[in-house]
There are 2 protein chains.
Amino acid sequence: MREKAKLEDVAKLAGVSPTTVSRVLNNRGAISNKTRQKVNAAIQELNYHPNEIARSLFISKTNLIGLIFPTTAHPFYGEMVFHIEKILSEKNYKVLICNTMNQAQKENSYLNMLLANQVDGMIVGAHNIGIEFYQKANLPIVAIDRKVSETITVVSSDNYSGGRLATEEILNQGRTKIIHINSVRQEEAPSSYLRRQGYEDVMKEHGFPYKTYELELPFDTKGKKQILSDILNRHPDLEGMFVSDDLTAALALSMIRKQDKDIFVVGYDGTEAVTTCLPELTTIVQPIKAMAQLAVDLLLKEINSGFKDIQKNYILPVTVRRGEK
Amino acid sequence: MREKAKLEDVAKLAGVSPTTVSRVLNNRGAISNKTRQKVNAAIQELNYHPNEIARSLFISKTNLIGLIFPTTAHPFYGEMVFHIEKILSEKNYKVLICNTMNQAQKENSYLNMLLANQVDGMIVGAHNIGIEFYQKANLPIVAIDRKVSETITVVSSDNYSGGRLATEEILNQGRTKIIHINSVRQEEAPSSYLRRQGYEDVMKEHGFPYKTYELELPFDTKGKKQILSDILNRHPDLEGMFVSDDLTAALALSMIRKQDKDIFVVGYDGTEAVTTCLPELTTIVQPIKAMAQLAVDLLLKEINSGFKDIQKNYILPVTVRRGEK
DNA sequence: ATGAAAGCGCTAACAC
DNA sequence: GTGTTAGCGCTTTCAT
């Protein structure tokens, strides 16, 4: 295995100094055409690739962005990560991906790893360690759907309206016996709380009883099914369910079909993947692409402004996607 | 924004030499307990994080792995990337993610980016540029579902058997008028060709006519639907379809339902997400986690053996997942 | 238009 | 046990 060529090798082969090669590479300063050609020829011949690591070390900038999310295996995050990476790569940034699987310990060690690797910034959509860990990082960070904070910018979609819309969608079907299934409330994640609030407010306004299940949903399908089954049994006359995650909603839907019940299910997220698989599911659509775009824009602004206080909360609107008949 | 502490700052504060700090950090050599404590205290106080970039530069190893895939927005790749990252992170490797969106130009520039960033190796599941680009990289690489090559290890699942199984599954329903829908054949991607071969061989063996559509499927759902609709119209008496991608199969399924036809659809991939959304779909399940594990194992072996010739093709078995009634 | 030299933050000989 | 020194591959003053 031939050793990798370095800048010095190129310089020697081209008969110039390392400085000159560097100038050609970075298009800086004035270079004669003849020199440029010699250098380029040498680069070609040696199949030379500049060492970004060395470059990063010198300029104290890596163009590396860390992404911390629960798991790309979930379509919501898979699509979110896709959009973020796509937008960042167009601006010449590279993306380090971290799947925390909702484990605080992993999130913490990923955070330290990213700091050690000198990322220029981070986009965080995981919710398990205190915001103070991130504040200590002293780095441009944008959070997605996280707790409001004095120093970290948050991008989210309108979870409260989402909860309201979902509930109204069911009520519009003439159904009033409606429960809500949510993930367990996490201190740092207001989204589930807001969705719940939206649901409960609407029910209260109409004077209907409401019931929210905050579940610590297990990762495996079997466990989820068991829990859902118990809930269905407990509500034999149920007419509607607002389930704050499409995948769990899908599970509920298929159980309902099997039991030949008539329960109207509304889900949450509205990813491409789930919409393709389950076009009949009514769901609240989060603007994933727009959230990704905004998060990136804000992050790059922080990075380029020297991390000054443009911290704020941004809330993007959600929409209803009515299931196809 | 306080400047980042560096090793030298820690050394000064602790009243020792940089070397000693480095030794404490890396647990190398013999250090007195007292010194270790002083150093650790200084590290704490300064909130010091070792600069991995500088370290990488010196030791000529980044512990960085590049992942090149079409898009994490597709559940198959989303899940694949999740598993790969999870396994790699346990071995202290970091992951740079690249979404090529099936564009050769992007794939090529990602490849160069990864080389410039001194990745220790790559796992590639995209199929748009010639294998020779990768060979030039002169780096440990494992390909997933790519063309067989003399110098690059390939991990795939048994696409030929998958094609056969899918077809037999439909025949077992007593259906014989079966078509196959595949993505357009790409020179470097044998998987679609092998699935097609499996389908056609089984049909031939039974003496039934066969028809394969190799489609350049557009990215948008609308376009896909149009194409599928045309195909359905062309085959009014169709009894079965083998569609070599679950998402496209899901689209076909919902159209078939709407038209109230009786066509048995078998898909391909068997991801968690699609299985959850569409438990009634029969599909060929690729062993995503096992493929990820094997790909990582082989890659790390190449990296640690100094990239010697353990190149080979590994084919993992697929299974049938029968749709729930 | 080009080159010499210093240094980004770290580690590994090699001393003592 | 601990420190001194050189250097990983690059860029950038500061010369010329």
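Proteins come first, then strands; the chains are lettered A, B, ... in the order of their sequence lines, and each starts at number 1.
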What's the [atom1]-[atom2] distance between [X] and [N], to the nearest Å?
| X | N | atom1 | atom2 | value |
| --- | --- | --- | --- | --- |
| B/Arg23 | C/dC10 | CZ | P | 16 Å |
| A/Leu57 | C/dT11 | CG | P | 12 Å |
| B/Phe58 | C/dT11 | CZ | C1' | 4 Å |
| B/Asp9 | C/dG9 | CG | C1' | 10 Å |
| A/Lys34 | C/dA1 | NZ | P | 14 Å |
| B/Asn26 | C/dG9 | CG | P | 17 Å |
| B/Lys12 | C/dG9 | NZ | C1' | 13 Å |
| B/Asn51 | C/dC8 | CG | C1' | 9 Å |

Residues two or more places apart in sequence or in another chain: which of them pass salt bridge (Lys or Arg N to Asp or Glu O under 4.0 Å) with A/Glu45? none
Taking heavy atoms of chain A and a 4.0 Å limit, find me the 5'-most and 3'-most nucleotide of DNA chain D within that range.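 In short, chain A contacts DNA chain D from D/dG9 to D/dT12.
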From the options A/His49, A/Glu52, A/Lys94, A/Arg55, select the one residue that forms a side chain to side chain donor-acceptor pair (under 3.5 Å) with B/Asn117. A/Lys94
Donor-acceptor check, side chain of A/Thr35 to backbone of A/Ile31, threshold 3.5 angstrom: yes or no? no
Test your reading of the model: is there a side-chain donor-acceptor pair from A/Asp9 to the backbone of A/Ala5, 3.5 Å cut-off?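 Not confirmed, A/Asp9 side chain does not pair with A/Ala5 backbone.
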Specify the residue among B/Gly15 and B/Ile59 whose closest nucleotide of DNA chain D lies further upstream toward the 5′ end. B/Gly15
Compare the minimum distances between each of C/dA12, C/dT11, C/dC10 and the side chain of B/Lys6, then state the nucleotide with the smallest one.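 Of the candidates, C/dC10 comes closest.
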Nucleotide of C/dG7, C/dA1, C/dT11 approaching A/Thr35 most closely (side-chain heavy atoms):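 From the listed options, C/dA1 comes nearest.
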Sugar-phosphate only, base, or nothing, as touched by B/Thr19 at under 4.0 Å among non-hydrogen atoms: base
Walk me through whether A/Glu107 and A/Tyr134 qualify under side-chain hydrogen bond (donor to acceptor under 3.5 Å, both in side chains). CA-CA 11 Å; A/Glu107 187 172 340; A/Tyr134 288 97; 2.6 Å; yes
Using the ring of A/Tyr314 (Phe, Tyr or Trp, six-membered ring only), decide whether A/Lys312 places NZ or CZ under 6.0 Å from its centre and within 45 degrees of its axis.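 Pair A/Lys312/A/Tyr314 counts as cation-pi.
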Within a 6.0 Å radius of atom NZ on A/Lys61, are there more than 12 heavy atoms belonging to other residues, nucleotides or ligands? yes
